[in-house]
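Single-structure report; data block below.
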Amino acid sequence: MSFSDKVLEKTKQIPKGKVTTYKLLAKACGNSRAGRAVGNTLNKNICSYLSNAKKNNKIPCHRVVYSDGRIGGFSKGIKRKVVLLHEEGIKVKNGRILDFENVLFKF
DNA sequence: ATATTGACATTTA
DNA sequence: ATAAATGCCAATA
């Protein structure tokens, strides 16, 4: 099992309505400092939550954000990411997650 | 083995 | 508060 495989597995565990950070995800995969590598993995793997919704593939990569409560990146544009988060009840204002600590999922 | 590339994170100015 | 400078890591070429 490669690092990126673990990342995808862990990402699937994030419950709806919650988010986690690249850092925590990295730690959950064995290396607390691999946040950057986590981002790369999510970017390369086409983690389509919308377009591939039919398939069993759903990897909620939009639930992964920066450790400081900012949104972070998204392959289809962060605007899309914000919309998805809103649909799950997570509020975002000025590029920041409101009540961040409260919606943060820790493994 | 070396270099490059990012959806990161901290520290410093 | 904002920006730049470092440090970091896995995958890829």
Side-chain angles (χ1 to χ4, degrees):
Chain A
M1 212 181 174
S2 69
F3 177 81
S4 43
D5 289 328
K6 290 189 206 167
V7 171
L8 297 179
E9 282 301 310
K10 297 290 179 184
T11 303
K12 283 196 241 177
Q13 296 178 14
I14 307 171
K16 182 178 179 182
K18 292 269 189 168
V19 299
T20 193
T21 70
Y22 295 96
K23 185 180 184 179
L24 290 175
L25 203 44
K27 189 186 305 182
C29 292
N31 190 333
S32 60
R33 294 175 267 180
R36 204 165 190 177
V38 170
N40 279 325
T41 296
L42 294 180
N43 181 33
K44 290 171 184 173
N45 282 280
I46 306 173
C47 44
S48 48
Y49 186 76
L50 288 182
S51 51
N52 273 8
K54 335 176 179 181
K55 301 186 175 181
N56 259 348
N57 210 13
K58 50 179 179 177
I59 297 172
C61 46
H62 59 278
R63 299 185 189 137
V64 187
V65 301
Y66 282 170
S67 62
D68 59 4
R70 280 167 17 220
I71 297 305
F74 199 61
S75 53
K76 313 271 187 202
I78 71 166
K79 191 171 181 179
R80 187 73 162 285
K81 186 167 179 176
V82 172
V83 171
L84 290 172
L85 290 174
H86 272 193
E87 288 176 356
E88 301 191 347
I90 297 170
K91 293 170 185 170
V92 179
K93 185 75 173 180
N94 290 336
R96 292 208 140 235
I97 292 182
L98 301 182
D99 206 7
F100 183 50
E101 287 299 326
N102 190 43
V103 298
L104 180 59
F105 171 68
K106 299 168 185 175
F107 293 90

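Heavy atoms only: backbone and side chains are in, while hydrogens, waters and symmetry mates are out.
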Identify all side-chain donor-acceptor contacts of residues 100-107 of chain A below 3.5 Å with residues at least two apart in sequence or on another chain.
unit_1: A/Asn102; atom_1: ND2; unit_2: A/Asp99; atom_2: OD2; d: 3.1

For the side chain of A/Lys81 and the backbone of A/Gly73, is there at least one donor-acceptor N/O pair under 3.5 Å apart?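 At least one qualifying donor-acceptor pair exists.
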
Say we look at B/dG6 and C/dC8: how far apart would their C1' atoms be, to the nearest angstrom?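 Their C1' atoms lie roughly 12 Å apart.
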
Heavy-atom side-chain contact between [X] and [Y] under 4.5 Å:
| X | Y | value |
| --- | --- | --- |
| A/Lys18 | A/Arg63 | no |
| A/Val64 | A/Val19 | no |
| A/Lys10 | A/Cys29 | yes |
| A/His62 | A/Glu88 | yes |

Rounding to an integer number of Å, can you tell me how far [X] [atom1] sits from [N] [atom2]?
| X | N | atom1 | atom2 | result |
| --- | --- | --- | --- | --- |
| A/Asp68 | B/dT10 | CG | C1' | 11 Å |
| A/Tyr66 | B/dT10 | OH | P | 12 Å |
| A/Phe74 | B/dA7 | CZ | P | 12 Å |

Quick one: pull up CG in A/Leu25 and CD in A/Gln13 and give me the separation to the nearest 0.5 Å.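 Answer for the CG-CD pair, A/Leu25 versus A/Gln13, is 9.0 Å.
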
If you measure from CG on A/Leu8 to NZ on A/Lys6, what distance do you get to the nearest 0.5 Å?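 The CG atom of A/Leu8 sits 12.5 Å away from the NZ atom of A/Lys6.
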
For the pair A/Glu9 and A/Lys12, find out whether any cationic side-chain nitrogen is under 4.0 Å from an anionic carboxylate oxygen.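 A/Lys12 and A/Glu9: salt-bridged.
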
Looking at residues 90-97 of chain A, who's got a heavy atom less than 4.0 Å off DNA chain C?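 Contacting residues: none.
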
When you check the phosphate oxygens OP1 and OP2 of B/dA9, does a side-chain N or O of A/Ser67 lie under 4.0 Å from one of them?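 Yes, within the criterion.
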
Could you identify which residues of residues 17-28 of chain A place a heavy atom less than 4.0 Å from some atom of DNA chain B, listed by residue number, or say none?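 Per residue number, the list reads A/Tyr22, A/Lys23.
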
Side chain to side chain contact (heavy atoms under 4.5 Å, CB included) partners for A/Val92, two or more places apart: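 A/Val92 satisfies side chain to side chain contact (heavy atoms under 4.5 Å, CB included) with A/Ile71, A/Val82, A/Leu85, A/His86, A/Ile97 only.
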
Can you list the residues that meet the side chain to side chain contact (heavy atoms under 4.5 Å, CB included) rule with A/Ala34, with sequence neighbours excluded?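 Partners of A/Ala34 under the side chain to side chain contact (heavy atoms under 4.5 Å, CB included) test: A/Phe3, A/Ala26, A/Asn31, A/Ala37.
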
For nucleotides 2-10 of chain C, read 5' to 3', which letter fits each nucleotide if B means a protein heavy atom sits under 4.0 Å from the base, S means only the sugar-phosphate is that close, and - means neither? -----BBBS

